[in-house]
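Here's the structure, in structure tokens; my notes come after.
Quantities reported herein were computed from a predicted structural model and do not represent experimental measurements. A, B, ... follow the sequence lines: proteins, then strands. Residue 1 opens every chain.
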Amino acid sequence: MAAETRRHRGIFNLAALLILWEVVGRLDLVAGGALPGFTEILARLWVDRADYPLHIWATLTASAVGFMLGNLAGIGAGVVFALSATALRLFRGVNVAIFALPPIAIAPILVLTLSGMAPRIVLAALGVYFVTMTSTVIGLSQADSRATDMIRAYGGTKRDVLRLVQFRGALPTILAGLRIAAPNAVLGAILAEFGGGGRWGLGAYLLGSLGRGEPDRLWGIGLVATLIAGASYGAFALLSTRFLGATRAVTLNTAVPTGKPDPGHPLKRAALAVGSLALPFLMWWAFIRLTGVPDMIAKTPLGVVDYLFVAPTAEAAQAKLLAALGQTLPITFLGMAAGLAFAFVLAISSKLIPHAVEAFTPVALVTQTMPLVALTPLLVLILGRGNALTLWVTISVTFFPAFVTLAQGIALVPRTAGDLPRVYGASLWTEMRMVTIPAALPYLFAATRLTVPRALLGVMIAEWLATGKGLGNLLNQSRGYLDYGMIWTVAAVSVGLSVAFYQLVVFTERRVLRRLGMTTAE
Amino acid sequence: MSAPDGIALAGVSKTFAGRGKVVEALRDVSLTCPAGSFTAIIGPSGCGKSTVMRIALGLETADTGEVRIVGDTPLAAARAGVTGVAFQDAALLPWRSVRRNVEVPLEVLRQKPAEHAERVQGMIELVGLKGFENALPGELSGGMRQRVAIARALVTHPQVLFMDEPFGALDQILRRQMNVELQRIWTETGSTALLVTHGIDEAVFLADRVVVMHADPGRIVEVVDVSFDRPRRPPLFSDPAFHKVCDHIAEVLHGG
């Protein structure tokens, strides 16, 4: 009954939104017609219908192949990491780098070193790998310890446990991962199309239509991209609800978890830490050697150091880079802080104004499936090409995932925890201060970790496509000037910054939460 | 030559290192269960009674001392299919039907379930679940799930049967029914049984001997012989002699 009313309300909200959109669009109320009416967009889609099949096909094949390869790598790596804690620690550097890298920063590199569809496929695969790998590791290691004990008590090996308990038990978690990974693949393919200069693909189409001042066409492309990403999300959501039914343990596992495994000899730990730090650079170097691209174009880690510090042009390069950083970093932090703050306030106020937040939550969930960043050209129409654009892109790409993470976290707070202060006559504000806000803290950190790379990505895309400032612009310009050293440098610096900031958040998170006696939220 | 003891632990000690402090889980524990006997271990939380069982199953290794299951090491005995085990809360695989859950030990022991279909069916009938072969654990009541766990523990025809609080999640009424059934099933199989439990009456009703343990460090403080005739019937639960044994064990448990 309740589910039905909620569904009705959802349909009602959607219809209201569409009507509002239509009225606002028809009357050209937003930035002089930058937002066309919904039916105008559909009409334009019909007019352009001959263009779409080839563009859609290009994006779809690249993201599908990338999705498959990324998942193969992610699941394979996840199994290895679940079996060997040493491997997991050794690859930590690589994994964090892959998670934190802003795809747009390495798109030009991939275009330089690979050819044809390969850059798009690799970028799509990179967007998929981390999500799938993490969910595989979590799924496999969350196996019911009682069932695992049972297999081992009959003399079963690690492989038996994997075969009989872990794989099947991990399936829902892996499927949930695939659900999030699928739109990532589409986003990766579109971003590579931005940087790749190919003719076909929705990204290329979007970029090509950007300068022509046809809002209805841009919106049409955005709509199609969103539909593709959303459909891929929906397909896996459907698959995972089918499996979930018979997978949850019937009773609660009351076995006491056996703490973290012994961290090992300090020397071994140090060796692993060094190895984990060195491995990304080793892979960078090996990638260049394997692709056989000449040194002129492909820079090894040493090549970048040489370009930035040794070569005669080093000083000029440094100056350009620093100027770009000076433009990019402040706006990244500002946008991210604003996005997180909005999300935090809205999420904790779900206790105060439950209905407003309830109505908003589906919208936030839907945006999870949108290649939001790829829709930057749409925002250009509305906001122009100034700093406001960069700020809004950043806020929107950080706000939605942060809000979803926080809202889901707060929903997990047991009712009784909030009832307790209320029994003693506490005000709503006291209850929030004592229960909701502290309980949301681990999720605020989780949301921050999640949004670091997105914020940088958002800023860089806005700079690349529209504002002509900062790192994103420097990257785009360097492509034009064939300044290969700078392309590699910007890529390395932006990945490095993203990783460093991510690590800073992780470090703060551990210290703060440990002092409060809480554990990190995934 | 006499048959080797079902379970033999000699001078077993075990310490756990956790978060800066060392817990002495077991100190010099020796316990011998003759073939075909029923032994219950009882003690407060954290006295190491589950650790005794986990060591006997080969899930943990003892720091010192020796463990023999029918004359073999725990791992060798497990691989040979000598042991059967039922854990607290059934620990069924939620995605497998009753029949497929009962088949799990056979699969681990590399025996083809198809060749043992009759035995599997027999076990399901023995625990009174005929007609539920294709049900999923989520569709069963707590008592029925526990019966599946017992059937699974018995499907390999184990010589040694381990049970770690198998009825811990059940209510008192259901628990007594299951106790009566467990006795019946155990009598039919003639295996050596070791039961870890919190319930004094359950231990006294089922076991030939009740081993009482204390914590800090985990150790055996007394072994109480229980000599009521078998088969024991539910009226025994209200027999004064039964209560005398229970009261004695309660005193030992509370350090009397």
Side-chain angles (χ1 to χ4, degrees), chain A residues 139-140 142-176 239-265 510 514-515 517-519, chain B residues 16-19 45-46 50 53-54 56-60 73-97 100-101 103-111 136-142 145-146 149 152-153 155-156 158 162 164-165 168-169:
Chain A
L140 290 178
Q142 265 176 352
D144 197 328
S145 67
R146 300 168 299 175
T148 311
D149 276 351
M150 205 264 302
I151 304 293
R152 286 180 54 215
Y154 284 97
T157 57
K158 267 189 173 184
R159 268 188 50 197
D160 288 318
V161 174
L162 205 59
R163 180 171 62 93
L164 290 165
V165 180
Q166 288 179 299
F167 263 134
R168 181 57 181 76
L171 215 52
T173 320
I174 295 177
L175 279 174
L239 214 59
S240 69
T241 43
R242 273 200 45 143
F243 273 108
L244 260 176
T247 306
R248 291 222 177 97
V250 185
T251 53
L252 211 63
N253 187 359
T254 51
V256 182
T258 49
K260 285 202 168 160
D262 178 33
H265 195 274
R510 285 203 189 135
R514 192 178 304 152
R515 222 176 43 207
M518 293 170 152
T519 50
Chain B
F16 291 107
R19 293 175 201 219
S45 299
S50 287
M53 175 162 292
R54 292 176 66 83
L57 281 167
L59 292 175
E60 311 270 358
T73 63
L75 194 62
R79 294 240 160 97
V82 167
T83 49
V85 58
F87 284 113
Q88 189 177 8
D89 280 357
L92 303 178
L93 299 179
W95 53 84
R96 285 182 164 230
S97 66
R100 301 248 301 132
N101 259 299
E103 285 169 356
V104 167
L106 298 172
E107 283 184 42
V108 178
L109 294 168
R110 308 276 186 273
Q111 300 176 10
L136 289 174
E139 300 161 358
L140 303 177
S141 69
R145 283 200 292 274
Q146 210 52 62
R152 183 177 61 188
V155 74
T156 56
F162 292 96
D164 187 359
E165 296 184 37

With only heavy atoms counted, which part of A/D149 is less than 4.5 Å from chain B, the side chain, the backbone, both or neither?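 Contact with chain B involves both backbone and side-chain atoms of A/D149.
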
Taking B/V85's backbone N and O only, do any of them form a donor-acceptor pair with A/Y154's side chain (distance below 3.5 Å, no angle check)?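 Such a contact is found between A/Y154 side chain and B/V85 backbone.
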
Measuring from atom CH2 of B/W95 to atom CZ of A/R168, what distance do you get when rounded to the nearest 0.5 angstrom?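 B/W95 atom CH2 to A/R168 atom CZ measures 6.0 Å (nearest 0.5 Å).
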
What distance do B/L59 atom CG and A/M150 atom CE have between them, rounded to the nearest 0.5 Å?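 So the CG of B/L59 and the CE of A/M150 are separated by 11.0 Å.
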
Which region of B/T156, side chain (C-beta onward) or backbone (N, CA, C, O), has a non-hydrogen atom less than 4.5 Å from a non-hydrogen atom of chain A, or is it both or neither?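 Just the side chain, heavy atoms under 4.5 Å.
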
Need one label for B/R152: side chain, backbone, both or neither, based on atoms under 4.5 Å from any heavy atom in chain A.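 It is both, since atoms from each part get that close.
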
Would you name the heavy atoms of [X] and [Y] that are closest together and state the gap between them?
X: B/E107; Y: A/L164; answer: OE1-CD2, 3.2 Å
X: A/G155; Y: B/A78; answer: N-CB, 3.6 Å
X: B/L93; Y: A/A147; answer: CD2-CB, 3.5 Å

Hey, mind stepping through A/R163 and B/V108 against side chain to side chain contact (heavy atoms under 4.5 Å, CB included) and telling me if it holds? CA-CA 10 Å; A/R163 180 171 62 93; B/V108 178; 5.7 Å; no

